[in-house]
Amino acid sequence: MTQTQPARSIYFIKAMQEGLRAAMAEDDTVVVIGEDVDRSIIGATRGLIGEFGDQRVRNTPISEATFVGACVGASAVGLRPVVDLMVGSFFYVAMDQLADQAAKLRYMSGGQVDLPIVYFTATGPSGSGAAQHSENPHPMLMNVAGLKIVMPSTPYDAKGLMLSAVRDPNPVVYLQDFVLGGTKGEVPEHAYTVPIGVADIKRRGTDVTLVAIGALVPRALKIAAKLEKDGISVEVIDPRTLVPLDLDTIVESVTRTGRLVVCDNARLTCSAASEIVAAVVESAFSVLKAPPQRVAWENFPVPFSPVLEKRVLVSDDDIRAAVVKTMTG
Amino acid sequence: MTQTQPARSIYFIKAMQEGLRAAMAEDDTVVVIGEDVDRSIIGATRGLIGEFGDQRVRNTPISEATFVGACVGASAVGLRPVVDLMVGSFFYVAMDQLADQAAKLRYMSGGQVDLPIVYFTATGPSGSGAAQHSENPHPMLMNVAGLKIVMPSTPYDAKGLMLSAVRDPNPVVYLQDFVLGGTKGEVPEHAYTVPIGVADIKRRGTDVTLVAIGALVPRALKIAAKLEKDGISVEVIDPRTLVPLDLDTIVESVTRTGRLVVCDNARLTCSAASEIVAAVVESAFSVLKAPPQRVAWENFPVPFSPVLEKRVLVSDDDIRAAVVKTMTG
Amino acid sequence: MTTPPRADLPAQEQADLLRQMIRIRRFEEKVAQLFKRGQLPGFVHLYLGEEAVAVGVCSALRPDDRITSTHRGHGHLLAKGATVDRMMAELFGRVDGYCRGKGGSMHIVSFALGIMGTNGIVGGGIPIGTGSAWGDQHLGRDTVTVVFFGDGAANQGVFFESMNLAAIWKLPVIFVCENNGYTEWTATEKLTAGKIADRGQPFGIPGVQVDGNNVGDVRRAVERAIERARGGDGPSLIEAKTYRWHGHNEGEEAFAGAYRPEEEQQHWRQREPIAAYARELIASGVLDQAGWDAIDSEETRAIDDAVAFGKASPFPDAEEALLHLFADSTVGHPTVRRTPVRDTPDGDQR
Amino acid sequence: MTTPPRADLPAQEQADLLRQMIRIRRFEEKVAQLFKRGQLPGFVHLYLGEEAVAVGVCSALRPDDRITSTHRGHGHLLAKGATVDRMMAELFGRVDGYCRGKGGSMHIVSFALGIMGTNGIVGGGIPIGTGSAWGDQHLGRDTVTVVFFGDGAANQGVFFESMNLAAIWKLPVIFVCENNGYTEWTATEKLTAGKIADRGQPFGIPGVQVDGNNVGDVRRAVERAIERARGGDGPSLIEAKTYRWHGHNEGEEAFAGAYRPEEEQQHWRQREPIAAYARELIASGVLDQAGWDAIDSEETRAIDDAVAFGKASPFPDAEEALLHLFADSTVGHPTVRRTPVRDTPDGDQR
Ligand SMILES: Cc1ncc(C[n+]2csc(CCOP(=O)(O)OP(=O)(O)O)c2C)c(N)n1
Ligand SMILES: Cc1ncc(C[n+]2csc(CCOP(=O)(O)OP(=O)(O)O)c2C)c(N)n1
Ligand SMILES: [Mg+2]
Ligand SMILES: [Mg+2]
């Protein structure tokens, strides 16, 4: 990936905000709404109210269904709303307005209208957030046609995908895996975009294709580095966008490696891991040297106690074991 | 499956109702609520109010989130509510109460309480129902841990699974694929159960395992019969229950046939078809003679116009082609 | 009728209210007929008997004002300027329909006409209309949005959430509840506590109950609400009492049984909105019998032409099913048969 | 304080109200301390300053009455009979916690104590409590359910839907809104139109606003509501005005900044609920200073013991993560590592 200088190391959350600020600066119709977006517990919108005022950065009541739906009408008449849902699980409260209204109106109308909306949120496990604050909703949302879904894993992608998401003429769900917020990485100062729908090969390898999503990408890279020492060359792919999914990049990699492991930071059943494995098997079965492996959460809610939470979520050992299994089994 | 006499041929909807009536007769804590359940547009609850009165068959306001959630409290104190959601898409309006409350409360409490609730609905395409009345929500709901999900394909299973669902101590989502409502089949008069979590091999075959869900089961059987003439022996499996999924029966079959096609009456991405293919590949890769095939809807909302609807949904040709592909490709 | 016709309006406009109500009446009668004959795909929910609400409301709006509608939306759309031919083509699922056949009865929209949504989800349009009002306000326009919804939708949480948001942001939105006495097959009062018109009070939103079968009364109430909204004073709530003549959905006879007392139906038939208004126009000299007849036969003929137009319009090409999901081409967006997904200019009517 | 203490109650009971408020106060102070020291996993939202609401409400309930609680629930649960040791064990994620460590601060429940749910979803408990009231009514019990929720939750649609359902079914439910002036970091009036106590009016639900820092006033209002509910007259709405002393969540200083005026905070500190009530008890001779001190030191000691108990309690076995999802054994339920999922009797506390 080519970076234009000057770049400096900043936090993921700061990078999201830089992408958002750039979008707000270039287009007055971009507005940010959500609960307490002025102070912003997670931080992506913190301080923007000072620059852009309380009409473009607006706190909402706790009425998710209504403000998620309001963005459909607002975008249809010319606004570009960016909504902070705060936590991934809160999408459930607004599911009809998201899945039946925002996602479907353009299609149902026969293409009459563009609905440029960004629904972003911090999401996923954060350490004993318990069952109602730890889920990643992307498996559910991937089944809803009409929503683009991005889930960056680096500050660089976080900034570039935010600007792309706000410029996109469609509803885009932008998922910030909770634990990534405080990670740092090289980010150019200037505004730039990372294209929606294009996966990124984060590490080249020859033996196994390891697809990792969100917070699992940096962990996959560490594991790949370790495995290198054991003589296993792992290629790590970050889809970055889950809808539309860049299947070609993944299939091309599997064609070279013949082995596939997909790690999803979500519950196993009907996860992105299931989808990617099924799709690859359909189109690249003949090149597979070993059964593709899924690594995802146990099919349980995320429990509170650290020992229990650890048991349900994906561990580095799970990932490593799955990679090794494709080499040996 | 052994049937006890006397059996007679009745409609699927009537069979559902017989299962429900049996449950209400054996246990007065069973109550039915929903919008217009007294008259019941689809028919599963029609007439029950005459037998059981307006306290046990109760019409609700159009407040899905609230009455779906109210069943959590009601079941925790001793009722066994059976809720008619009417149309599958309406689950979205109540998604938080379903996925965050009903599905999680028992687990979060450390097993303190049983929540015997049945959420049933007619669902899926019915012929130009358009985007907001044609979806099958099971792919989304399968990702939610804590909900059992059944989707019968025959009147016999419809009755037996309804009684099992009402007797089950957990929240059970019971999906009646719209177009099956008017199909007929042999059903014993007496009350009986069909176990939750057990798939049914609807037709024995040796060449290809064809897993079909809901309304696609009778179609798969017709196609299998035709293919027999072309010399392809197709085994048709109806999971009947999607959570917990009886993977063993499917894997055992694939071990015999070496070929797998999964047809889902839902959008492709993150569908039950994706899940089943991925799970089978993980545990039976070595026996596969051909790439497993998924047959599901295009990744689009369901359009209104018949010609467009047909293009998005699964056709018999799609299913046949997929089976043939596993034999030749 | 209790109130005089709108003598304050130009005669032409007074007559036009009649024409629009007749247009809706004849359109819906035709749809009922087509449905019985099995010529229409999907569900239809007819507006027969409620014409005065849509016409009273939409006739007070400017072309750039907006509405969101419901599953029972034909009347709203026609009153907001939709043409009978493209409406009919959509009901037939043809390419000349407003949504090129993708939407059908419950999803007809025309953003060019300010029709922001018709909805298959009860209450689904309430946040959307609240949002278009927010957008217009933010962008400095003085347009207003009318949100149509039924008595049944008044029990959906989004109604209250949207009233609260509209109240604190002083949004130019008018909540118009069509109380036709029934939520599907259940009497409204069995499901709905208190008076719907009062539901805005806790939010400081003025609410009135009007005779929904009196086009003049409806129009007057809406004019007051529009003035308030354009003046920056925020939302209003109007409950229009009316009655639907046909079933909840066409074909309900198959299961619904007799759920509405004969007398009740008679009572409302007598309070029929169109003839009464026409007689008033004649009484006040705006129109004579011949003029009334002329309007009726013109509109009736227009409906027949619309049916011909609709039937003559081709079905969309099957591959159009894979258009219009996203505004741009969706690189790598997987479809089962890997059909390339792209957008056609003609798909975009904007 | 304006109103006299509850001289009508037995002295023991009057003193017990004080004891319970002190218990909550000391418990929450300890939790704040533990959180600062990094000894508690997850989020905590403290009830400091709002003690009189929980105690005024729950002291009027019978053991078989029920409540649903919120993310700020510790006070409600203690007032409904939860013991400090099992509460503390749950906050530590230990096996002796009410939920065996599965729930944590936002999900502590004890069905045996009538605690039907604590919720991480704002407003999530409102339909659940409405439902337990429906269940009890249907099963012929005269128990009531109190639904606790905050001013922010008063803008969630389920609040209105549940009021409507409770009104038409005359459910024995009491909606208690704790208005502490803030929804996270935003002042309530910026987000909330009108007076929350009025929001039941359109449904015919009586609503009253009470001083939430006066345990006697709260208790009186709840007693009236309970009488109404047990008498079969249906729901009531109570808005208790109060104030939280700590941040929305512990640790908010990291980002929230100064969002509450100093004077405002001072004002409410002066209207502190516990000392004022204690002084009244002393004035009315129910208690003397020594008695007050005794209660305080007893409760303080109990909290220290609870911390010791919680820390001594073992973490659950990791495999317990795969228990308690379903009440029965889940044949074929796939888990990633194919670990058999079954339920243990000891898992079932019922
Ligand atoms: C969320 C949701 N729940 C239920 C339905 C099924 N349904 C369609 S119309 C209707 C009744 C609506 O009643 P009302 O709002 O009074 O409108 P009316 O039909 O009387 O015009 C119902 C329950 C739906 N479409 N959406
Ligand atoms: C559906 C949902 N939206 C947002 C949140 C995040 N959140 C947690 S507490 C809270 C504020 C609640 O305010 P209020 O109801 O007044 O209760 P308080 O915290 O003041 O006691 C918010 C927005 C949530 N937990 N659930
Ligand atoms: Mg109605
Ligand atoms: Mg508050």
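Below, chains carry the letters A, B, ... as their sequence lines are ordered, and counting in each starts from 1. For clarity, every value in this text was computed on a predicted model and none was experimentally measured.
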Inset, instruction - Over all heavy atoms of both residues, which pair between C:L325 and B:N299 is shortest? Give the atoms and the distance, please. - result: CD2-O, 3.5 Å
Inset, instruction - Heavy atoms only, distances under 4.5 angstrom: which of B:E309, B:M86, B:R267 has the most pairs with chain C? Name it, please. - result: B:M86
Legend entry - Under 3.5 Å donor-acceptor, B:S128 side chain and C:P41 backbone: no
Inset, instruction - Please flag which part of C:N249 lies under 4.5 Å from any non-hydrogen atom of chain B: side chain, backbone, both or neither. - result: side chain
Legend entry - Engaged part of B:V93 at the chain C interface, taking heavy atoms whose separation is under 4.5 Å: side chain
Inset, instruction - Name the region of B:F90, side chain, backbone, both or neither, that has any atom closer than 4.5 Å to a heavy atom of chain C. - result: side chain
Inset, instruction - Could you tell me the separation between the CG atom of B:N59 and the CD atom of C:E184, rounded to the nearest 0.5 Å? - result: 9.5 Å
Inset, instruction - Enter the distance from B:F304:CZ to C:E90:CD here, rounded to the nearest 0.5 Å. - result: 7.0 Å
Inset, instruction - Would you mind reporting whether C:F255 and B:S40 have side-chain heavy atoms less than 4.5 Å apart? - result: no
Legend entry - Interface residue of largest heavy-atom contact number with chain C, from B:A131, B:S89, B:P61, B:G129, under 4.5 Å: B:P61
Legend entry - Considering all heavy atoms, the nearest C:D317-B:L308 contact: O-CD2, 3.6 Å
Legend entry - Under 4.5 Å from any heavy atom of chain B - which part of C:L40: neither
Inset, instruction - Find out whether B:V307 and C:P316 are in side-chain contact, i.e. whether some heavy atom of one side chain is under 4.5 Å from a heavy atom of the other. - result: yes
Legend entry - CD-CD1 distance between C:E252 and B:I41, expressed to the nearest 0.5 angstrom: 8.5 Å
Legend entry - Side chains of C:W185 and B:D38 in contact at under 4.5 Å (non-hydrogen atoms): no
Inset, instruction - Scan side-chain atoms only and decide if B:S63 and C:N155 contain a donor-acceptor pair under the 3.5 Å cut-off. - result: no
Inset, instruction - Looking only at non-hydrogen atoms, find the nearest pair between C:T183 and B:I62 and report the distance. - result: CG2-CD1, 3.4 Å
Legend entry - C:F315 CZ: over 12 foreign heavy atoms closer than 6.0 Å: yes
Inset, instruction - List the atom of C:G103, the atom of B:A130, and the distance in Å for their closest heavy-atom pair. - result: O-CB, 3.6 Å
Legend entry - C:I121 versus B:Q132, closest heavy-atom pair with distance: N-OE1, 3.4 Å
Legend entry - Which portion of B:E64 sits near chain C, non-hydrogen atoms under 4.5 angstrom: both
Legend entry - Minimum-distance pair of heavy atoms, taken over all atoms of C:A258 and B:R39: O-NH2, 4.1 Å
Inset, instruction - Measure from the ring center of B:H133 to the ring center of C:F43 and say whether it is less than 6.0 Å. - result: yes
Inset, instruction - Verify the neighbour count for atom NZ of C:K36: are there more than 12 heavy atoms of other residues, nucleotides or ligands below 6.0 Å? - result: no
